[in-house]
Amino acid sequence: MSDRSVEGVLAVFQTPFTDSGLIDYGVLAHQFDWLFDNGADGVVLGMVSEVLRLSSSERDELTAMTCKLVDDRGVSVISVGAESTSVAIRHARHAEDSGANAVMATPPNLHPVSDDALARYFTRIAEAITIPLVIQDASGYVGASLSIPLQVRLEADLGDRVMFKPEAPPVGPRLGRLMAQTQGRARVFEGTGGLYLIDSYRRGVIGTMPGGDLVWALVALWRSLKAGDFDKAYRIAGPLAMVVSQETSLDSYVVIEKRLLMKQGVFPSCAIREPIADDLDEESFAEIDRLVDLLRVAVDHG
């Protein structure tokens, strides 16, 4: 585990699979090289990494390999959310033992859970490890949203041990409430692929956790914001937002990101573990390609 700060552009990577359905660690290593070469501050094993489609042993192995491949080039954040607290704690401890810089947990999704039960779930995970916990509200594509009072309570109880990745709409106003009710103390990542990054930056986020397929654009956007160059930031954000708007479900994120990684020479194929809810057609992909071309112009000439 490096001593780097958990902040900046942390790219959620895609899990590459061989034709026989196994995790392709050679391609994974190539992807990490590409992400860091394009300026990523770290990588994230998250929902879009198809973590829920992995066996327990695969999840352990991928966690360990992620931390090993990152080495001292940046930070690693590992998704540990589960349907039971004990399983989430197991994943969290394994991630810390493997060298992760932080873990990230979604709430259980099988049935509604009270704020008190969720507070116990997140608190027990945080107290089982010494590295930070990122609380992910992934309700933009799965599960129910986390209430602002719950997040404020967790910030008050856990302090520096907790960070947040809010994704429930409306993103901006909810982020504003979280920051206001924690007196600006909450450490928050934008979590919608850069769609609301400019607004979220103005509201005080410490970084973003986008998909890795367009990491070069997100790094350029983040650096423009840090430099106060909002003209360039808005030029980049336009076509980026139009690409992200095509990603309306968890599976569409995976399908689009793997396809773009293949088109950029990072992946040899778009292999995805089935079943998937793929609602995109060739016209959608053609429009995405046109938007990515516009995005490159904005990054290169902005």
Side-chain angles (χ1 to χ4, degrees), residues 1-12 39-47 70 74-81 88 92 95-96 99-107 115 118-119 121-140 145-211 218-219 221-223 225-226:
M1 180 178 66
S2 74
D3 59 358
R4 294 172 183 261
S5 297
V6 182
E7 60 186 14
V9 179
L10 309 183
V12 183
D41 297 298
V43 302
V44 181
L45 169 59
M47 296 283 283
V70 169
V75 301
S76 55
V77 180
I78 305 297
S79 182
V80 302
E96 181 171 24
N101 298 89
V103 300
M104 182 163 66
T106 53
D115 277 7
L118 287 172
Y121 167 80
F122 287 119
T123 299
R124 287 186 60 194
I125 297 171
E127 291 178 342
I129 54 178
T130 63
I131 56 178
L133 165 67
V134 181
I135 294 174
Q136 181 183 8
D137 181 344
S139 58
S145 61
L146 298 176
S147 74
I148 299 300
L150 170 63
Q151 295 175 72
V152 172
R153 172 181 171 184
L154 289 167
E155 192 282 328
D157 291 345
L158 297 172
D160 288 344
R161 285 186 290 172
V162 68
M163 295 182 281
F164 301 89
K165 187 188 178 191
E167 301 172 26
V171 172
R174 285 175 59 88
L175 172 56
R177 288 169 55 201
L178 176 59
M179 297 303 290
Q181 293 179 34
T182 60
Q183 291 73 54
R185 293 188 306 268
R187 294 183 295 162
V188 182
F189 286 91
E190 188 267 348
T192 53
L195 186 61
Y196 301 110
L197 182 53
I198 295 179
D199 181 46
S200 297
Y201 180 81
R202 293 184 188 276
R203 296 175 188 265
V205 296
I206 63 172
T208 179
M209 292 186 183
L218 270 299
V219 167
L221 175 54
W222 180 252
R223 291 178 179 174
L225 292 172
K226 296 289 284 186

Non-hydrogen atoms of [X] and [Y] that approach each other most closely:
| X | Y | value |
| --- | --- | --- |
| A186 | L178 | CB-CG, 4.1 Å |
| G194 | T208 | N-OG1, 4.4 Å |
| V75 | S5 | CG1-O, 3.6 Å |
| S79 | G46 | CB-CA, 3.8 Å |
| F164 | V134 | C-CG1, 4.1 Å |
| F122 | A105 | CE2-O, 3.5 Å |

Inter-residue atom distance [X].[atom1] - [Y].[atom2], 0.5 Å rounding:
| X | Y | atom1 | atom2 | value |
| --- | --- | --- | --- | --- |
| Y201 | L221 | OH | CG | 10.5 Å |
| R4 | S76 | CZ | OG | 11.0 Å |
| Y196 | R203 | OH | CZ | 11.5 Å |
| K165 | L146 | NZ | CG | 12.5 Å |
| M209 | M47 | CE | CE | 14.0 Å |
| L175 | F189 | CG | CZ | 13.0 Å |

Taking C-beta and beyond as the side chain, do [X] and [Y] meet within less than 4.5 Å on heavy atoms?
| X | Y | result |
| --- | --- | --- |
| M104 | M163 | no |
| R174 | P166 | no |
| L218 | L197 | yes |
| N101 | I131 | no |

>> I'd like to know if D115 and R153 make a salt bridge, using a cut-off of under 4.0 Å between side-chain N and carboxylate O.
In response: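 No.
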
Spell out, as yes or no, whether a donor-acceptor pair under 3.5 Å connects the side chain of [X] to the backbone of [Y].
| X | Y | result |
| --- | --- | --- |
| R187 | I206 | no |
| D137 | E167 | no |
| E96 | T130 | yes |

>> With a sphere of 6.0 Å drawn around CZ of R185, does it hold more than 12 non-hydrogen atoms of other residues, nucleotides or ligands?
In response: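 For R185, atom CZ is crowded (more than 12 foreign heavy atoms under 6.0 Å).
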
